[in-house]
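All figures in this text were calculated on a predicted structure; none of them were measured in a lab. Naming: A, B, ... by sequence-line order, numbering from 1 per chain.
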Amino acid sequence: MTHRLRFAPSPTGNLHIGGARTALFNWLQARHAGGKFLLRIEDTDIARSTEESRQAILEALDWLGLDIDEDIVLQSTRRDVHVAAALRLLEEGKAYRCYCTPEELQAMREKATAEGRSPKYDGTWRNRTDHPPEGTPFTVRFAMPLDGTTVIDDIVLGEITVPNEELDDLIILRSDGTPTYNFVVVCDDAFMGVTTVCRGQDHMSNTFRQFHIYRALGHEVPRFAHLPLVDGLSKRKGSASVQHYRDIGYLREAVINYISRLGWSHGDQEIFSVEELVEKFDLADVNRSSGKYDEVKMAWVNEQWIKRLPAEELAVRLLPYLSDLGVETSADERLVSLVRQLQERSKTLVDMAEGARFAFQRPTAFDEKAVKKWIKPASRAAFEEILAALPGLDAFTPDELEAAIKSVAERHELGLGKVAQPIRIALTGTSVSPPIFDAIAIVGREETVHRMRAALHLYDDA
RNA sequence: GGCCCGUUCGUCUAGUGGUUAGGACACCACCCUUUCAAGGUGGUUACACGGGUUCGAGUCCCGUACGGGUCACCA
């Protein structure tokens, strides 16, 4: 049988890193096993579900490259099926009407807690036959087994056993006739032919209830894989969403790489391409213990991917970030060679865009500290000599520039730093840029001359 | 509180009875160097605790502690 896995988010916000990891693990397992990756939107909570969230989740999955194999299932469209299934259980005696009011239930729980017992439904209406008159509101509860134990052979956790007395008779149909989550999930997973349910460990207790619902409905129970939870994610609302990372200049390769390593590893390897993950990932190798999201390491992984991706590809991806800075250009040869210089010194695409800015825009101000440190009377003559020599150079290449500038520096008995830094400041307004000869070549002859002239006045105050 | 799960450097982790307990991030030092980085070399730091089992335990068993999850007419 082919493996079928699904990701089933509720559209109540952006896709967060934790959810993205769940989606990724499902996707990887499906791809690894040559199975299918499905998506179901659990939009039955009308109060909290929004169309914006649905779009945001789809957009995030798309950006990550987690492609979906079949039509997306909208849970809300299957309501009739869910209700019919619940009614069938009622008819078969596998579920029963409960006439307790929310208030009574509340009181029941409080009493149990006060007496030190578990706050679970006591089964009042399970066997009562003195039904109130027709028209009295009721819920439908699923009749869980009263004794024995339930064992789940979890792919991640191994065998887990729970005494059935812990399982109370949960509501599958509310008094307004709408079905509840734990019931609906089973119906839909069965409908979609899901063979492996991979989700967070926070669903573990649901699993034991669902196990019995599968059986009552006559469905085969799928395999389960409960992923360890990720700590340290809920600091600020939007901060851990997938699109947040995209916006601050992270690469999808890096995000995938990093979250894949949260609870999973392959020996000592740190950097994985998506292809490698598909090949090496297996739910059976996932850790049992929860991990902590580490922003610093995430940044490092991103840095690694900036170094690894081809400059041509990076140049294309850089465009929107440049645009944000007011630089409209294309991924031409000039930008690609600039990207090549920037790859070694950028942590994010935002960084890179800022580092690339000087090639397109003149400095609007000069960094005060840099000026104070490097614009000294001693280098003025050399600076002016270079400025004068630039127009006469045969080729405006890094090599040529290096030869010319070094000879000027030597003649003036100055270290290269003393000569290079003032030029860097003239070109970028700061003391930071790619290697100076490359920087000059990229800015170009005329523009370099222009910027150096414009910076000449800095020496007047030196 | 009941039930379930977990516990190796600060963090992510390797490790499936015999290892000087390995790697990575971070940190520190040094090297390289035209800036910033990157890179290189070296270094500090870990098996929660207590009992067993065993010739031998990070690895197996039990308990304790700590941490997490879950106990809705939410999903």
**Item:** For A:R209, side chain to side chain donor-acceptor pair (under 3.5 Å) partners two or more places apart
**Value:**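 Checked A:R209 against side chain to side chain donor-acceptor pair (under 3.5 Å); matches are A:D168.
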Could you tell me whether [X] contacts a base, only the sugar-phosphate backbone, or nothing, with contacts defined as non-hydrogen atoms closer than 4.0 Å?
| X | answer |
| --- | --- |
| A:G415 | nothing |
| A:T430 | nothing |
| A:S265 | sugar-phosphate |
| A:S10 | sugar-phosphate |

**Request:** Only counting residues at least two apart or in another chain, list the ones meeting salt bridge (charged side-chain N to carboxylate O under 4.0 Å, His left out) with A:E447.
**Result:**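 Only A:R362, A:R451 meet the salt bridge (charged side-chain N to carboxylate O under 4.0 Å, His left out) criterion with A:E447.
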**Asked** Which residues pass the salt bridge (charged side-chain N to carboxylate O under 4.0 Å, His left out) test with A:E134, sequence neighbours left out?
**Response**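 Partners of A:E134 under the salt bridge (charged side-chain N to carboxylate O under 4.0 Å, His left out) test: A:R97.
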**Asked** Is there a residue in residues 43-52 of chain A whose heavy atoms reach under 4.0 Å of RNA chain B, and which residues are they?
**Response**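 Of all residues in residues 43-52 of chain A, the ones placing a heavy atom under 4.0 Å from RNA chain B are A:T44, A:D45, A:R48.
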**Asked** Taking RNA chain B as the partner, which of residues 376-388 of chain A come within under 4.0 angstrom of it by heavy atom?
**Response**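 Residues of residues 376-388 of chain A that come under 4.0 Å of RNA chain B do not exist, since none gets that close.
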**Item:** Under 3.5 Å on both distances, the Watson-Crick or G-U partner of B:U53
**Value:**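 Because no pair has both required distances under 3.5 Å, B:U53 counts as unpaired.
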**Request:** For B:A65, give its Watson-Crick or G-U wobble partner with both distances under 3.5 Å, or none.
**Result:**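 Pairing partner, where one exists within any strand: B:U7.
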Considering only side-chain heavy atoms of [X], which listed nucleotide, [options], is closest?
| X | options | result |
| --- | --- | --- |
| A:K292 | B:C4, B:A38, B:C12 | B:C12 |
| A:N182 | B:A37, B:C3, B:A75 | B:A75 |
| A:I160 | B:C3, B:A38, B:C5 | B:C5 |

**Message:** Check this for me: does the side-chain of A:R345 come within 3.5 Å of the base of B:C36 through a donor and an acceptor?
**Reply:**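 Result: at least one qualifying N/O pair found.
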**side-chain hydrogen bond (donor to acceptor under 3.5 Å, both in side chains) contacts touching residues 419-432 of chain A (sequence neighbours left out)** =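 side-chain hydrogen bond (donor to acceptor under 3.5 Å, both in side chains) check on residues 419-432 of chain A returns A:Q421-A:R424, A:R424-A:S433, A:T428-A:T430.
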**Request:** Can you tell me which residue pairs pass the side-chain hydrogen bond (donor to acceptor under 3.5 Å, both in side chains) test with a partner in residues 342-356 of chain A, sequence neighbours excluded?
**Result:**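 Passing the test, one end in residues 342-356 of chain A: A:E303-A:K347.
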Taking atom [atom1] in both [N] and [M], compute the distance separating them and give it to the nearest angstrom.
| N | M | atom1 | answer |
| --- | --- | --- | --- |
| B:G1 | B:G10 | C1' | 33 Å |
| B:C49 | B:U13 | C1' | 23 Å |
| B:U7 | B:U59 | C1' | 14 Å |
| B:U41 | B:G51 | P | 43 Å |
| B:A46 | B:A21 | C1' | 9 Å |
| B:C4 | B:G18 | P | 32 Å |
| B:U53 | B:U70 | C1' | 35 Å |
| B:A48 | B:G39 | C1' | 38 Å |

**Message:** B:A14, OP1 or OP2 - any side-chain N/O from A:N287 closer than 4.0 Å?
**Reply:**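 So the side-chain polar atoms of A:N287 do come within 4.0 Å of the phosphate oxygens OP1 or OP2 of B:A14, strictly under.
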**Request:** Assign the ring pair A:Y258 / A:Y293 to parallel, tilted or perpendicular, where the plane angle (0 to 90°) is split at 30° and 60°.
**Result:**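 Ring orientation of A:Y258 relative to A:Y293: perpendicular.
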**Prompt:** What pairs with A:A225 under side-chain contact (heavy atoms from CB on, under 4.5 Å), at least two apart in sequence or on another chain?
**Reply:**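 Here the qualifying residues are A:I155, A:V156, A:C198, A:L283.
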Could I get a table of every N or O pair under 3.5 Å where one atom is in the protein and the other is in nucleotides 22-25 of chain B?
residue: B:G22; atom: N2; partner: A:D268; partner atom: OD1; Å: 2.8
residue: B:G23; atom: N2; partner: A:E270; partner atom: OE2; Å: 3.0
residue: B:A24; atom: O4'; partner: A:E270; partner atom: OE2; Å: 3.1
residue: B:A24; atom: O2'; partner: A:K297; partner atom: NZ; Å: 3.3
residue: B:A24; atom: N3; partner: A:K297; partner atom: NZ; Å: 3.2

**Aromatic ring proximity, centroids under 6.0 angstrom, A:Y99 and A:H131** =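 Yes, the ring centres sit under 6.0 Å apart.
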**From CG (A:L90) to CZ (A:R88), nearest 0.5 Å** =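 Between A:L90 CG and A:R88 CZ, I get 12.0 Å after rounding to 0.5 Å.
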**Item:** Position toward the 5' end of RNA chain B (nearest nucleotide), A:P163 or A:L262
**Value:**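 That would be A:P163.
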**Request:** Select from A:T178 and A:E166 the residue whose nearest nucleotide in RNA chain B is closer to the 5' end of that strand.
**Result:**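 This one resolves to A:E166.
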**Geometric cation-pi criterion A:R40 and A:F7, 6.0 Å radius, 45° cone** =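 Because its charged atom misses either the 6.0 Å distance or the 45° angle limit, A:R40 does not stack over A:F7.
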**Prompt:** Within 45 degrees of the axis of the six-membered ring of A:F25 and under 6.0 Å from its centre: does A:R21 put its NZ or CZ there?
**Reply:**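 Here A:R21 passes the 6.0 Å and 45° test against A:F25.
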Got a list of side-chain donor-acceptor pairs under 3.5 Å for residues 140-149 of chain A, not counting sequence neighbours?
residue: A:R141; atom: NH1; partner: A:D169; partner atom: O; Å: 2.6

**Asked** Side chains of A:Q210 and A:H203: do they bring a donor and an acceptor to under 3.5 Å?
**Response**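 The answer is no; no qualifying pair exists.
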**Message:** Treating primed atoms plus P, OP1 and OP2 as sugar-phosphate and everything else as base, which nucleotides of nucleotides 62-73 of chain B get B, S or - for protein heavy atoms under 4.0 Å?
**Reply:** -------SS-SB
**Asked** Knowing that exactly one of A:R223, A:H226, A:R288 qualifies, which makes a side chain to side chain donor-acceptor pair (under 3.5 Å) with A:D154?
**Response**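 In the set A:R223, A:H226, A:R288, the residue that makes a side chain to side chain donor-acceptor pair (under 3.5 Å) with A:D154 is A:H226.
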Distances for protein N or O near nucleotides 31-34 of chain B N or O, under 3.5 Å:
residue: B:U34; atom: O2; partner: A:R424; partner atom: NH2; Å: 2.8

